[in-house]
2 protein chains.
Amino acid sequence: MLKNLPRYECLLEASKEFPDLDPSATEVFLHLLRTGDEAFRVVETHLASHDITQGGFGVLMALWGRCRGNQPGRDALSPAALAEHTGVTRATMTGLVDTLERDGLVRRHPDPADRRMVTVELTREGESLLERILPEHFRQMAWLMAPLTETERKTFVGLLAKLLQRAADPAEAPLATASTP
Amino acid sequence: MLKNLPRYECLLEASKEFPDLDPSATEVFLHLLRTGDEAFRVVETHLASHDITQGGFGVLMALWGRCRGNQPGRDALSPAALAEHTGVTRATMTGLVDTLERDGLVRRHPDPADRRMVTVELTREGESLLERILPEHFRQMAWLMAPLTETERKTFVGLLAKLLQRAADPAEAPLATASTP
DNA sequence: CCTTCATCGTTAGCCTCCTAATTATCCGCG
DNA sequence: CGCGGATAATTAGGAGGCTAACGATGAAGG
């Protein structure tokens, strides 16, 4: 998102004016957002070359046997389950499934038991697209992470997990307590 | 983006089937994206409570004296410079400035020297909004990073920088070479 | 001078994503 | 049975993001 990461001296200077500004925290934060965004873009670019978006890819992956070969038969999920799984709202999922269905990668089936419900499943075409995309997708992640040793990766995931736990915490941020009330 | 991070055993199993899949690389990648996204959401939620979006906030920040108190007088930038600075296209910047101007946070001025150009500057209202938002914004970043020691932060930024360099590399990913040609 | 080319901002059309409201259906309770 | 409440998917309306194309202007060369 942010293209220009502020330089460190700059942060130090600004922190004089704002007592709430923690320079090292800000630096980590900006680097995290920037790197995440850039990594995102790398795979997004690849997916775009196959005319599929990140959102669509997420749906396809969710459909494609969670954990691969979990259950026999076709994998079919409701839009609600897909939304939950990929982290978007159900309204958004309607749009995503619309696009995927229009492109023939996915099919909607009415649920005979509960007529409110619908199940979404992969078509052959969707499956084959996925199998065409995945090897390169995996290669790309491996390439991206190549500069990190196995030890560094462990450390990294540990640090990310700490932040993730806090960021995803329902307790949320301290929106009241402050040094500037 | 991805809500359910695959468990490690699952990745190991899948890697049998896909020689290109590097489990630890995938794990790092998914954690990075997920954490970045979650951190993004935290500040986005805060900004939303002031009726401003991330994109708009970025523009305001860019306008608000890069590095704070850099130059005397008002800070004014062209849409192109803003787009460059915040990492969006010029077309998108037009829309962002439209919204900000409609909300009275920003003003467009024609450039007398070059009639193709326009300069964008902060209004008093925009400035005061920013000064109202920033303390809490800083506090939020500090809160988010609180679980990390100063040493961990240094390590973390180092790792992020390594990845960033690679991800932002114009050389891009190895889209040709592969074990599945 | 005038033609060509680069550059600026904007427009048009599309996709993703959101919230809120709508419609259809199921379920349980009197 | 019939009615209210929960839940499914969808629609409506808005915003940000992109690419591509456009109109206006400036700069440079013949």
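Numbers restart at 1 for each chain; the letters A, B, ... are given by sequence-line order, proteins then strands. Worth knowing before you read on, the calculation uses all heavy atoms, side chains too, and leaves out hydrogens, waters and symmetry mates.
Per the geometry, CZ belonging to A:R102 stands 10 Å off P belonging to C:dC14, to the nearest Å. Atom C1' of nucleotide C:dC18 and atom CD of B:E44 are separated by 10 Å, given to the nearest angstrom. Atom CG in A:L105 sits roughly 14 Å away from atom P in C:dC15 (whole-Å rounding). Summarising the geometry, the separation between CG on A:D51 and P on D:dC18 is reported as 18 Å, rounded to the nearest angstrom.
B:M145 places a side-chain heavy atom less than 4.5 Å from the side chain of A:L163. Here the side chains of A:L159 and B:R153 are not in contact, with every heavy-atom distance at 4.5 Å or above.
Partners of A:T99 under the side-chain contact (heavy atoms from CB on, under 4.5 Å) rule, at least two apart in sequence or in another chain, are A:R102, A:D103. In terms of the side-chain contact (heavy atoms from CB on, under 4.5 Å) criterion, residue partners of B:R116 (sequence neighbours excluded) are, by chain and number, B:D114.
A salt bridge does not link A:R115 with A:D111: none of the charged nitrogens is closer than 4.0 Å to a carboxylate oxygen.
Listed nucleotides: D:dG26, D:dG16, C:dC17. Nearest to the side chain of B:T53: D:dG16.
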Listed pairs, N/O of protein and of nucleotides 6-12 of chain C, under 3.5 Å:
unit_1, atom_1, unit_2, atom_2, d
C:dT7, O2, B:R116, NH1, 2.9
C:dG9, OP1, B:P79, N, 3.4
C:dG9, OP2, B:A80, N, 3.0
C:dT10, OP1, B:R108, NH1, 2.8
C:dT10, OP2, B:T94, OG1, 3.4
C:dT10, OP2, B:R108, NH1, 2.8

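Using cut-offs of 30° and 60° for the angle between ring planes, the A:F138 and B:F18 rings count as perpendicular.
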